[in-house]
Amino acid sequence: MIKDNYENGGAEAIKGFNYQKANLILLAINNFHKDNFRIYIESDDDIVAEDTDYRALIQVKKQKHTFKTITTKPKNNTEDKELKESILEKNLRSGLSDDTYKLIVQEFGSTDSKKLVKKKPGTICTEMYALNADAKKNIIALLPNDIAKRINKFFIIIPPISTNLIEAEKYLIGSLGDNDISVDNKRGRNIIAELSLTIDQKAEEILSEGVNKEIKSITAEYLKQLFITCKSLDGFDNILDSLNYNHAANLKIKKERLKIELNKSSLKEEMKEFLRAHFQTPMYLFETNTDVINRLIKNFEAKEPDLFILISVGVESLSELGDDF
């Protein structure tokens, strides 16, 4: 019902927005200012967050949980070891002994909550809770010996994000504003929409031989560009709309845009340099966007054979040019 209300309540509901993504976006908002911060999107509810000399393995669970629910193994006959593990065991087994382990839950049982000890804001997450000595002792008895000691670096997060997606969106936009990120003219919603789409695409990427694992990451550099120069999002869409490509082509072009900073940043800088020189001739300032993009395609097609990538980088380059020529 929440989903229906959300989608019907707004004319521009954000596609695919959910509780897991809301928490991941909040994580990005609270940490984008750290130069070495990055998030690796393994799946919707399986995240790795890194900073200098620090790595946290994070799971996000929408449901209410207790110590029993996070330590109970699923009842099935699968031979897959991972599918036989409890939520906590899967979390603790995922990394290395130096890692920190975090579980984000919507709500924690009132009785078990009395066995949680509130910590000062952590390196990555706020409102973080450790287990008290009694809880640790009981849970260690349920864990395999090889990961039992990792419980000392396990924390529970109970975030202020609502499961009502309209309220979650409002909270995130407020958090953007609290971090001095412009949210005027629907930019707040544009940021959330782009991050939601980026998370989906990063989660869908499959690592294989020859594929850089960074394609699964969201970096501080990307976040700073998205947050601080959010107007480029509007500029990209406005230029793309003016080119009058069909809907299918636009989708492909927008998808390629998300990979520019990782794979095509040097091509973008070359295009921007070309445009700076190009617009020194006054007559070219009267060209249409279509003329400019076609000129970029012709000039750079030998360097980039994929037309959709070429158009995407060209549109991004033009949208970022601003007064810089």
Side-chain angles (χ1 to χ4, degrees), residues 28 31-41 48 50-52 190-191 194-195 197-240 242-243 245 249-281 284-285 287 289-325:
N31 292 277
F32 80 97
H33 59 282
K34 302 172 183 176
D35 290 340
N36 296 316
F37 178 75
R38 66 183 59 223
I39 304 170
Y40 291 90
I41 313 299
V48 177
E50 292 185 357
D51 196 5
T52 305
N190 286 341
I191 288 173
E194 172 145 328
L195 275 173
L197 178 60
T198 299
I199 291 165
D200 277 343
Q201 294 183 342
K202 299 288 184 181
E204 291 171 0
E205 293 286 354
I206 299 175
L207 292 181
S208 58
E209 186 176 352
V211 176
N212 190 330
K213 74 169 187 175
E214 296 304 317
I215 201 156
K216 301 279 288 183
S217 73
I218 294 176
T219 65
E221 181 181 3
Y222 164 79
L223 292 171
K224 287 175 182 178
Q225 290 180 346
L226 176 63
F227 292 165
I228 298 173
T229 63
C230 180
K231 61 184 180 181
S232 67
L233 180 65
D234 293 330
F236 184 97
D237 287 342
N238 290 337
I239 292 172
L240 184 58
S242 74
L243 301 178
Y245 297 132
N250 282 346
L251 290 178
K252 286 182 174 290
I253 293 166
K254 288 183 178 181
K255 183 175 181 179
E256 294 303 330
R257 179 181 184 267
L258 298 173
K259 303 175 184 178
I260 290 175
E261 293 306 320
L262 180 60
N263 297 319
K264 300 298 175 182
S265 58
S266 60
L267 177 60
K268 182 175 74 172
E269 289 308 311
E270 288 183 42
M271 284 191 175
K272 288 170 73 172
E273 191 62 33
F274 173 88
L275 289 173
R276 291 186 190 101
H278 180 68
F279 287 129
Q280 291 301 313
T281 302
Y284 291 140
L285 292 173
E287 284 185 324
N289 288 335
T290 299
D291 291 334
V292 174
I293 296 302
N294 286 339
R295 192 179 295 275
L296 287 172
I297 291 171
K298 183 176 181 180
N299 194 75
F300 289 93
E301 60 186 355
K303 291 189 175 182
E304 177 51 63
D306 190 306
L307 181 60
F308 293 109
I309 293 176
L310 205 56
I311 294 172
S312 184
V313 179
V315 172
E316 180 85 342
S317 301
L318 185 57
S319 71
E320 288 187 2
L321 203 59
D323 297 325
D324 189 24
F325 63 88

* For Y245 and I311, what are the C-alpha separation, side-chain angles and deciding distance, and is it a side chain to side chain contact (heavy atoms under 4.5 Å, CB included)? -> CA-CA 11 Å; Y245 297 132; I311 294 172; 3.7 Å; yes
* Asked: Can you check side chain to side chain contact (heavy atoms under 4.5 Å, CB included) on I199 and I218, steps first, answer last?
  -> CA-CA 8 Å; I199 291 165; I218 294 176; 4.1 Å; yes
* For I41 and T198, run side chain to side chain contact (heavy atoms under 4.5 Å, CB included): C-alpha distance rounded to whole Å, both residues' side-chain angles, the deciding distance at 0.1 Å, then the answer. => CA-CA 10 Å; I41 313 299; T198 299; over 6 Å; no
* Asked: Step by step, would you call E287 with R295 a salt bridge (Lys or Arg N to Asp or Glu O under 4.0 Å)?
  -> CA-CA 10 Å; E287 284 185 324; R295 192 179 295 275; 2.6 Å; yes
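Note that CE of M271 and NZ of K268 are 11.5 Å apart. Values are rounded to the nearest 0.5 Å. In this structure, CD on E270 lies 6.0 Å from CG on L267, to the nearest 0.5 angstrom. Rounded to the nearest 0.5 angstrom, L310 CG and K298 NZ are separated by 13.5 Å. The distance from atom OH of Y40 to atom OG1 of T219, rounded to the nearest 0.5 Å, is 9.5 Å. Note that NZ of K202 and CD1 of I39 are 11.0 Å apart. Values are rounded to the nearest 0.5 Å. Rounding to the nearest 0.5 Å gives a distance of 6.0 Å between NZ of K255 and CD of Q201.
The minimum heavy-atom distance linking L240 with V315 is given by the pair N-CG1, 4.2 Å. The two atoms that bring D35 and A220 nearest to each other are O-CB, 3.7 Å, heavy atoms only. Closest of all the heavy-atom pairs between F37 and D51 is N-OD1, 3.9 Å. Shown here for F279 and Y284, the closest heavy-atom pair between the two residues is CE2-O, 3.4 Å. The nearest pair of heavy atoms linking L321 to K272 is CD1-O, 3.9 Å. Of all heavy-atom pairs spanning T290 and S242, the tightest one is OG1-O, 4.1 Å.
Residues E273 and E269 have side chains not in contact (no heavy-atom distance under 4.5 Å, counting atoms from C-beta outward). Looking at F236 and K254, their side chains come closer than 4.5 Å, going by heavy atoms from C-beta outward.
The existence of a salt bridge linking K264 and E256 is excluded, since no basic side-chain nitrogen approaches an acidic carboxylate oxygen closer than 4.0 Å. Taking 4.0 Å as the cut-off between side-chain N and carboxylate O, K224 and E221 do not count as a salt-bridged pair.
At distances below 3.5 Å, at least one donor-acceptor pair connects side-chain atoms of S319 with backbone N or O atoms of E316. The backbone N or O of V313 sits less than 3.5 Å from a side-chain atom of S317, completing a donor-acceptor pair.
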